[in-house]
Amino acid sequence: MNTPLLSPRDILRRVFGYEAFRGPQQAIIEHVVAGGDALVLMPTGGGKSLCYQVPAIARQDAGQGTAIVVSPLIALMHDQVGALHEAGVEAAFLNSSLTGEEAAQVEKRLLRGELTLLYAAPERVTTPRFLAQIDALAERGQLALFAIDEAHCVSQWGHDFRPEYRALTVLHERYPGVPRIALTATADALTRADIVERLQLEQAQQFVSSFDRPNIRYTIVEKKDALSQLLRFIEREHAGEAGIVYCQSRKRVEDVAQSLSEAGIQALPYHAGLDSAIRQQNQNRFLREEGLVMVATIAFGMGIDKPDVRFVAHLDMPKNIEGYYQETGRAGRDGAAADAWMAYGLQDVVNQRRMIDESPAGEGFKQVMRGKLDALLALAEATDCRRVRLLGYFGEVYGASPPAAGPPQVGHDPLGGQRGHEVPSVGATCGNCDNCLHPPAVQDGSELARKFLSCIYRVQQASGISFGAGHMMDILRGKQTEKVAQYGHEQLSTFGIAKEAGESELRAVLRQLIAIGAVAVDGGMFNTLRLTDGSRAVLKGEVKVQLRESVATPMAKRSRRAGALAPAAQALGVDDQVRYINLKTWRADVAREHNLPAYVIFHDATLAEIARRRPQSLEDLQGISGIGAKKLEAYGADVLRVVADGA
């Protein structure tokens, strides 16, 4: 094998402008440069892209050709290629945004060996036309590596399964000597094992980073008036800052975006039903403008590199912890303080459970999906540290080293969900979640749960039909409603046996009963309840039901940020802040000219460091993090002028 002229550290410094690798980056890069396969699990914002970009540059420098990057999103390809161009790296993409003539030009550049990296979607990579082009490169020894981004998409157990990823097995079968690196931010043990099997990565070295994002504060609240709760959260904590709000339906996305806009918050909708031009325009605005809130379905977000998203809010419960973790991970990529906020309620649990039960999938698949939902509900209902439970789901003990590399092991699941999770650290606290900041009171809801189950049984026995949650709670609380009188349910022995319980308490009990499989929700417009085989253990007292008492304690209010300054600039002196603002204005003009997000030109932290150091020459700019050789050449003189003008 030819030896690269530049070492990985040289490439990091000269091309990207960084002095040192983070975490396992160096070990991953050296392994792939040497021709090894790798499976990389690294949290959002951990620097996954460098793990294949640096090896691609090194192997191309050694005469080993072009790296093919499999990426599922057009927006991600555009921004990554734009950032590589800014760093002086020859890169291109092939996707549906190109005309036929533009795509043909990219293909010619590929075959001439002019590209260091080529990004393409999985469905394009596996076409006969594209494979023929890769064949031509491989025959000349000009195929450097394959990078498979968002690798969890290959797994049916993952939160974003995409069937076209399954066809990527052809890469190993057809080009067995070309190194492959598969990367994801979200994969529990079962999903990881599926990735290994589906992509034939049994011999690949696994690199598992800590899943912890210590800068993110996790808060989960009981849903009462979700929109009002969201408005209070944004106005109190994140006024004028960028954020993402996830909703389950397209209509809810549009309603929430409109309501936020009417409340004076700049908000845009994003979902698959919007006209593609409007959807793209809204995404571009979110990436390129400051302080916008994107209200979206889960169709939005994968591959979004915007570093200054200060909060991610869920108005509807996700399907599983993987989805929750992936979506919340889009907050605080710059390492500064950020929030993950979710409102959830009984209807969320009912809806998600019903979607699983009514799906055409096999019973084995449904059982795993129920387990994943149960684990998410356990996180939502938890009275101990959220972070400990979240990390435990991914097999990591809070405060310990990340899981060792090696084959995924699937075993017992202590969270009541899918198998393959670690026991949370008893008593561990992170100090940056709602339960740690404001510990909730806990009560034993087992007796109330038994009353609820008994009521369902008596109603079914008396009427021969099932009823929904609202009617059951009316009976338990002894309410004389028209429906109660119609069916004579005031005569039941369970009528009024839970008069002392409030509606929110009964809903909390029902959430737990559904989660542990003691109550099933039948489909249809009425969402009727029925007992299951799991009801017996609760009725016999073999399974306890623990409830967290509803708390209205406000979030610990963070200090108001200084105007529109990014966290990286808040420690600057007054004169340096003026320079920083001038640099941001200059950067915005350059970004518009290049049709790129501003952070692709320079990150906020780079501008803050320039403002602090007040460089007087190009030599002074060298060594500032984020300024590589190409950017120094392209922008150095302008940066010095802006700094001098602000003196």
Any side-chain heavy-atom pair of Leu168 and Val154 under 4.5 Å:
no

Going by heavy atoms in the side chains, are Leu268 and Leu292 under 4.5 Å from each other?
yes

Can you measure from CZ (Phe602) to CG (Leu607) and round to the nearest 0.5 angstrom?
7.5 Å

Has Asp61 got a side-chain atom pairing as donor or acceptor with Leu6's backbone, closer than 3.5 angstrom?
yes

Please collect all salt bridge (Lys or Arg N to Asp or Glu O under 4.0 Å) contacts where either partner lies in residues 268-289, sequence neighbours excluded, each pair once.
Arg285-Glu289

Pairs in or reaching into residues 34-56: which pass salt bridge (Lys or Arg N to Asp or Glu O under 4.0 Å), with residues at least two apart or in two chains?
Asp37-Arg180

Between Arg59 and Val33 (side chain of the first, backbone of the second, donor and acceptor by atom type, cut-off under 3.5 Å), is there such a pair?
yes

Close side-chain approach of Lys630 to Glu86, heavy-atom, < 4.5 Å:
no

Donor on one side chain, acceptor on other, Tyr393 and Glu322, under 3.5 Å
yes

What I'd like to find out is whether the side chain of Phe311 reaches to under 4.5 Å of the side chain of Ile244, using heavy atoms alone.
no

How long is the straight-line distance from OG1 of Thr126 back to CZ of Arg174, given to the nearest 0.5 Å?
10.5 Å

Show the nearest heavy-atom pair for residues Ile29 and Leu50, with the distance to one decimal.
CD1-O, 3.6 Å

Judged by atom type as modelled, is there a donor-acceptor pair below 3.5 Å linking the side chain of Gln142 to the main-chain atoms of Gly63?
yes

Are Thr116 and Thr66 packed together at the side-chain level, in the sense that at least one heavy-atom pair is separated by less than 4.5 angstrom?
no

Quick one: CD1 on Ile601 to CG on Leu583, what's the gap to the nearest 0.5 Å?
13.5 Å

Side chain His314, main chain Asp316, donor-acceptor under 3.5 Å
no

Is it the case that the ring center of Tyr52 lies less than 6.0 angstrom away from the ring center of Phe146?
no

Ring centroids only, cut at 6.0 angstrom: are Tyr218 and Trp341 within range, meaning strictly under it?
no

Just by distance, do the side chain of Thr184 and the backbone of Leu41 share a donor-acceptor pair under 3.5 Å?
no

With the side chain counted from C-beta on, respond yes when Ile298 and Pro318 share a heavy-atom pair under 4.5 Å apart, and no when they do not.
no

Could you check if a side-chain atom of Asp194 sits within less than 4.5 angstrom of a side-chain atom of Gln156, using non-hydrogen atoms only?
yes

Is any side-chain N of the basic residue among Arg333 and Asp308 closer than 4.0 Å to the acidic one's carboxylate O?
no

Taking atom types as modelled, is there a side-chain donor on Ser210 or Asp212 under 3.5 Å from an acceptor on the other?
no

Whether Thr328 side chain and Tyr325 backbone form a donor-acceptor pair below 3.5 Å:
yes

Separation between CZ (Arg330) and CD1 (Ile216), nearest 0.5 Å, reads 11.5 Å

Under a 4.0 Å N-O cut-off, is there an ion pair linking Glu150 with Arg162?
no

His78 and Phe93 aromatic ring geometry - parallel, tilted or perpendicular at 30°/60° bounds:
parallel

Check: Ala91 main-chain N/O paired with His85 side-chain donor or acceptor under 3.5 Å:
yes

Determine whether Glu254 and Val295 make a side-chain contact, defined as any pair of heavy atoms from C-beta on separated by less than 4.5 Å.
no

Donor-acceptor contact present, side-chain Arg310 to main-chain His238, <3.5 Å:
no

In terms of side-chain heavy atoms, does Asp149 have a donor or acceptor partner in Tyr119 at a distance below 3.5 Å?
no

Any salt bridge between Arg587 and Asp604, counting N to O under 4.0 Å?
yes

Say whether Thr191 and Asp188, considering side chains only, have a donor N or O and an acceptor N or O under 3.5 Å apart.
yes

For residues Gln26 and Glu30, is any side-chain donor paired with an opposing acceptor at under 3.5 Å?
yes

Determine whether Gln206 and Val196 satisfy the following criterion, side-chain contact (heavy atoms from CB on, under 4.5 Å), listing intermediate values before the conclusion.
CA-CA 10 Å; Gln206 294 187 25; Val196 169; 3.7 Å; yes

Counting only heavy atoms not in Glu101, do more than 12 sit closer than 6.0 Å to its CD atom?
no

Determine, for Glu19 against Arg13, whether the closest basic-nitrogen to carboxylate-oxygen distance falls under 4.0 angstrom.
yes

Taking the six-membered ring for Trp, are Phe286 and Phe300 closer than 6.0 Å centroid to centroid?
yes

Gln25 side-chain N/O to Cys51 backbone N/O, donor-acceptor pair under 3.5 Å
no

Contacts satisfying salt bridge (Lys or Arg N to Asp or Glu O under 4.0 Å) that involve residues 105-121 (not counting sequence neighbours) are Glu90-Arg109, Glu107-Arg129, Arg109-Glu114, Arg112-Glu114

Between the side chains of Gln352 and Asp348, does any donor sit under 3.5 Å from an acceptor?
no

For Lys319, does the NZ atom sit with more than 12 other heavy atoms under 6.0 Å from it, leaving out its own atoms?
no

Any side-chain to backbone donor/acceptor pair from Thr606 onto Ser625? Under 3.5 Å, distance only.
yes

Rounded to the nearest 0.5 Å, what separates atom CG in Leu39 from atom CG in Leu199?
8.5 Å

So OG of Ser359 and CE of Met369: to nearest 0.5 Å the spacing works out to 9.5 Å

